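Read the structure below first, then the notes.
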Amino acid sequence: MGNTLQDQLLKTGLVDKNKANKASKELRKQSRQQRNKKETAQPTAQQLKQQEKAAKDRELNLRREEARKQREIAGQIKQLVEAHRHPRSNDEDDKPFYFDNKGKVKQMYVSAETHKLIISKKLVIVNCNGVFELVPNEIAEKIRQRNPSLVIDLTKEKPSSEDDPYADYQVPDDLIW
């Protein structure tokens, strides 16, 4: 009984050898296709781990790329500020200039000439790593394009109404209540 049905049919002459080979090839082909379907339909645990690892690697690479871009932008801003900052004087006749930075009132001692340049908006205050520097307006715009939170905008003056009795009087910017 070691003979298969195919062998028995060949011996009796009901099937020729070519048809038997063709049938066995078809059978192997079908079994191979079924195995492939099973493998693709249900990924193994190892394949799942590889997919998870690949997703984590992509996310980590995105974070690294974003951090690299942030460091690059910070370096560009630092170079711009160092190359174009307005020189400071440490004279005793310097007066404080008060400005608002993220809800806190900060002060910077400046000369009278520098004070006029700030008021006329020819110089702009920039926060460079916690140090406030004065740079020309054009450079401040370049910094604003890279990181707008570092440029400190002075309060905008409200247009005065026609019947304001105090319109002719200038209010000092360092007025303390």
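Starting from 1, each residue takes its place in the sequence as its number. Just so it is clear, the structure is predicted and the values come from calculations on it, not from any experiment. Computed from heavy atoms alone, side chains included, the values below leave out hydrogens, waters and symmetry copies.
Contacts classified as salt bridge (charged side-chain N to carboxylate O under 4.0 Å, His left out) and involving residues 47-56 (residues at least two apart or in different chains) are given here: Lys53-Asp57.
Tested against Glu66, the residues Gln70, Arg68, Arg64, Lys69 include a single side chain to side chain donor-acceptor pair (under 3.5 Å) partner, Gln70.
Of all non-hydrogen atoms in Arg85 and Glu133, the two that sit nearest each other are CD-OE1, 3.3 Å. Across Ser120 and Leu117, no two heavy atoms sit closer than the pair OG-O, 3.1 Å. For the residue pair Val81 and Val135, the shortest heavy atom distance occurs at CA-CG1, 4.3 Å. Closest non-hydrogen pair, Gln107 versus Pro96, comes out as OE1-CB, 3.8 Å. Nearest heavy atom pair, residue Val124 against residue Asn137, reads CG2-OD1, 3.6 Å.
Looking at residues two or more places apart in sequence or on another chain, you find no side-chain hydrogen bond (donor to acceptor under 3.5 Å, both in side chains) involving Gln46.
Contact check on Glu141 versus Arg144 returns a salt bridge, with a Lys/Arg side-chain nitrogen under 4.0 Å from an Asp/Glu carboxylate oxygen. For the pair Lys121 and Asp153, the salt-bridge criterion is not met [side-chain N within less than 4.0 Å of a carboxylate O].
To the nearest 0.5 Å, atoms CG (Leu150) and CD1 (Ile125) are separated by 13.5 Å. We find the CG-NE2 distance between Asp94 and His115 to be 11.0 Å, quoted to the nearest 0.5 Å.
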Walk me through it: do Phe132 and Val126 pass the test side chain to side chain contact (heavy atoms under 4.5 Å, CB included)? CA-CA 6 Å; Phe132 297 104; Val126 176; over 6 Å; no

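In the displayed structure, Asn129 atom CG is contacted under 6.0 Å by at most 12 heavy atoms of other residues, nucleotides or ligands.
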